[in-house]
**Student:** 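I'd like to ask some things about the structure below.
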Protein chains: 2
Amino acid sequence: MSSQTYSISDLARELDITTRAIRFYEEQGLLSPERRGQERIYSPRDKVSLKLILRGKRIGFSLAECRELIELYDPSSGNTKQLHSMLAKISERREQLEQQMLDIEQMKLELDTAEERCVQALEQTLKSQESVQ
Amino acid sequence: MSSQTYSISDLARELDITTRAIRFYEEQGLLSPERRGQERIYSPRDKVSLKLILRGKRIGFSLAECRELIELYDPSSGNTKQLHSMLAKISERREQLEQQMLDIEQMKLELDTAEERCVQALEQTLKSQESVQ
DNA sequence: TGTCAGGTTGACGTTTACGTCAAGGGGTGT
DNA sequence: ACACCCCTTGACGTAAACGTCAACCTGACA
């Protein structure tokens with residue numbers, strides 16, 4: 001049952017980021033791995049947090065926003081006021097995600113028309129080449 | 001049929017960004033409005049580009065990426081090699097958008113579980129309050 | 001004829017998210 | 001004993017995306 005642990009370079013390799021980045025996330029309060037002496041020892045939970053960070057970054061979240069998400073995931077901090085503000089933040093995030101979905105759908109449509117124009121332009125150049133031969 | 005035009009502050013107001021930002025986008029080659037003397041005169045097309053930029057930013061695109069998108073929208077540049085590389089870029093973007101969709105779906109799930117935990121914690125505190133009375 | 005709102009070009013400052021050394025500690029194989 | 005290898009903490013550098021002046025022009029209006 002000995003829960004798995006990782007070194008910093010283990011995670012760096014596996015998640016394809018630099019150790020510097022990982023330490024930076026810790027500096028910014030997004031991680032707080034155990035220590036064995038000086039060395040950082042990462043738990044599976046830390047790894048989950050890191051994945052959450054990377055996912056957040058892919059959709060344009062700042063590290064501060066990622067930190068909030070991680071904190072939302074935290075089972076500690078339990079007074080009623082905080083819980084309500086958490087719920088508020090969660091629904092804010094949800095709205096943001098909805099907006100991003102819409103943005104992405106729109107982008108896809110634009111890629112469709114851009115692609116169509118490309119294809120038509122290609123067909124055009126093919127035709128004019130045929131007419132030369 | 002006199003196509004509408006906008007001043008820089010018109011667009012800034014309407015799109016809720018600063019004039020500085022708009023000028024910066026021009027510096028970076030994302031816009032190239034007409035000029036009347038010194039003054040910038042923006043066309044509806046420029047406005048579309050600006051909206052595309054803002055949409056791009058909302059989903060975490062860099063300005064360089066936004067510029068590529070705008071260039072994809074451009075009907076000029078028509079040699080075959082370029083057209084093929086355009087098509088390649090388009091499909092790259094599409095893959096990226098797909099990934100972002102997945103990321104967002106995943107985020108939503110995580111918000112769901114975070115919300116659930118919040119609600120349960122709230123119910124818990126309510127129960128303990130009842131048991132006191 | 002002032003002055004005022006809105007436009008312009010620098011040019012430097014700032015925040016975010018790391019990259020890139022430098023200098024050193026600690027275990028381990030030879 | 002020494003050579004690696006991986007780890008650590010500074011500390012400074014950097015790219016992106018603007019913010020924030022400063023200094024200046026310009027047409028309109030009292």
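Protein chains get the first letters and strands the later ones, always in sequence-line order, with residue 1 at the start of each. Worth saying up front: this structure is predicted, and the values here are computed from it rather than measured.
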**Student:** Take the protein atom CD of B/Gln28 and the nucleotide atom C1' of D/dC18, then report the distance between them rounded to whole Å.
**Tutor:** 10 Å
**Student:** Could you tell me whether the side chains of A/Ser43 and A/Asp46 share a donor-acceptor contact shorter than 3.5 Å?
**Tutor:** yes
**Student:** For nucleotides 24-28 of chain C, which of its nitrogen or oxygen atoms have a protein nitrogen or oxygen under 3.5 Å away, and what is each distance?
**Tutor:**
none

**Student:** Please report the distance, rounded to the nearest Å, between CZ in A/Phe61 and P in C/dC18.
**Tutor:**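 After rounding, the reported distance stands at 15 Å.
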**Student:** Using nucleotides 14-16 of chain C, report all nitrogen or oxygen pairs with the protein that are shorter than 3.5 Å.
**Tutor:**
none

**Student:** Using side chain to side chain contact (heavy atoms under 4.5 Å, CB included) as the criterion, list what pairs up with B/Arg23, not counting sequence neighbours.
**Tutor:** B/Ile8, B/Thr19, B/Arg40
**Student:** Given atom CZ of B/Arg36 and atom P of C/dT8, what is their separation to the nearest angstrom?
**Tutor:**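 B/Arg36 atom CZ is separated from C/dT8 atom P by 11 Å.
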**Student:** Round to a whole Å and report the spacing from CD of B/Glu34 to P of C/dT8.
**Tutor:** 14 Å
**Student:** Can we say B/Asp112 and A/Arg94 salt-bridge, meaning some charged N sits less than 4.0 Å from an Asp/Glu carboxylate O?
**Tutor:**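 Yes, charged N to carboxylate O under 4.0 Å.
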**Student:** Treating primed atoms plus P, OP1 and OP2 as sugar-phosphate and everything else as base, which nucleotides of nucleotides 8-14 of chain D get B, S or - for protein heavy atoms under 4.0 Å?
**Tutor:** BB-B---
**Student:** Indicate, with yes or no, if B/Val119 and A/Leu83 share a hydrophobic cluster defined by side-chain heavy-atom contacts under 4.5 Å among Ile, Leu, Val, Met, Phe, Trp and Tyr.
**Tutor:** yes
**Student:** Please list, chain by chain and in numerical order, all residues satisfying side-chain hydrogen bond (donor to acceptor under 3.5 Å, both in side chains) with A/Glu98, sequence neighbours excluded.
**Tutor:**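 If we apply the side-chain hydrogen bond (donor to acceptor under 3.5 Å, both in side chains) test to A/Glu98, skipping adjacent residues, the hits are B/Lys108.
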**Student:** Kindly say if B/Ser7 contacts the phosphate of C/dG6, meaning a side-chain N or O under 4.0 Å from OP1 or OP2.
**Tutor:** no
**Student:** In whole angstroms, how far is the P atom of D/dA17 from the CD atom of B/Glu65?
**Tutor:**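 Going from CD in B/Glu65 over to P in D/dA17 covers 9 Å.
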**Student:** Using modelled atom types and a 3.5 Å cut-off, is there a donor and acceptor pairing between side-chain atoms of B/Gln100 and backbone atoms of B/Ile59?
**Tutor:**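 Checking the backbone N and O of B/Ile59 against the side chain of B/Gln100, a donor-acceptor pair under 3.5 Å is found.
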**Student:** Ignoring backbone atoms, test whether B/Tyr25 places a side-chain nitrogen or oxygen under 4.0 Å from the OP1 or OP2 oxygen of D/dC18.
**Tutor:** yes
**Student:** Specify the separation, in whole Å, of atom CD of A/Glu26 and atom C1' of C/dA17.
**Tutor:** 16 Å
**Student:** Applying side-chain hydrogen bond (donor to acceptor under 3.5 Å, both in side chains), can you list everything that pairs with B/Gln96, at least two apart in sequence or on another chain?
**Tutor:** B/Arg93
**Student:** Under the rule for side chain to side chain contact (heavy atoms under 4.5 Å, CB included), what residues qualify as partners of B/Ser7, not counting sequence neighbours?
**Tutor:** B/Ser9, B/Asp10
**Student:** For A/Arg67 and C/dA17, what is the distance between atoms CZ and P respectively, to the nearest whole Å?
**Tutor:** 10 Å
**Student:** Tell me every residue that passes side-chain hydrogen bond (donor to acceptor under 3.5 Å, both in side chains) with A/Tyr6, counting only those two or more places apart in sequence or in another chain.
**Tutor:** A/Lys47
**Student:** Using C1' atoms of five pairs at each end, report the bend of the helix from C/dT1-D/dA30 to C/dT30-D/dA1 rounded to 10 degrees.
**Tutor:** 20°
**Student:** Not counting sequence neighbours, which residues clear side chain to side chain contact (heavy atoms under 4.5 Å, CB included) with B/Glu39? List them please.
**Tutor:** B/Arg36
**Student:** Sequence neighbours excluded, which residues qualify as side chain to side chain contact (heavy atoms under 4.5 Å, CB included) partners of A/Thr5?
**Tutor:**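 Scan of A/Thr5 (side chain to side chain contact (heavy atoms under 4.5 Å, CB included), adjacent residues dropped) gives A/Ile41.
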**Student:** Phosphate oxygens OP1/OP2 of C/dG7: is one of them under 4.0 Å from a side-chain N or O of B/Ser9?
**Tutor:** yes
**Student:** Tell me, yes or no, whether the heavy-atom count around B/Glu105 atom CD, taken from other residues, nucleotides or ligands under 6.0 Å, exceeds 12.
**Tutor:** yes
**Student:** Between A/Arg20 and A/Glu26, is there a salt bridge with N-O shorter than 4.0 Å?
**Tutor:** no
**Student:** Does anything in residues 49-63 of chain B pair up under salt bridge (Lys or Arg N to Asp or Glu O under 4.0 Å), and if so which pairs, sequence neighbours excluded?
**Tutor:**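 Every salt bridge (Lys or Arg N to Asp or Glu O under 4.0 Å) pair that includes a residue of residues 49-63 of chain B, provided the two are not neighbours, is A/Asp103-B/Arg58, A/Glu110-B/Arg55.
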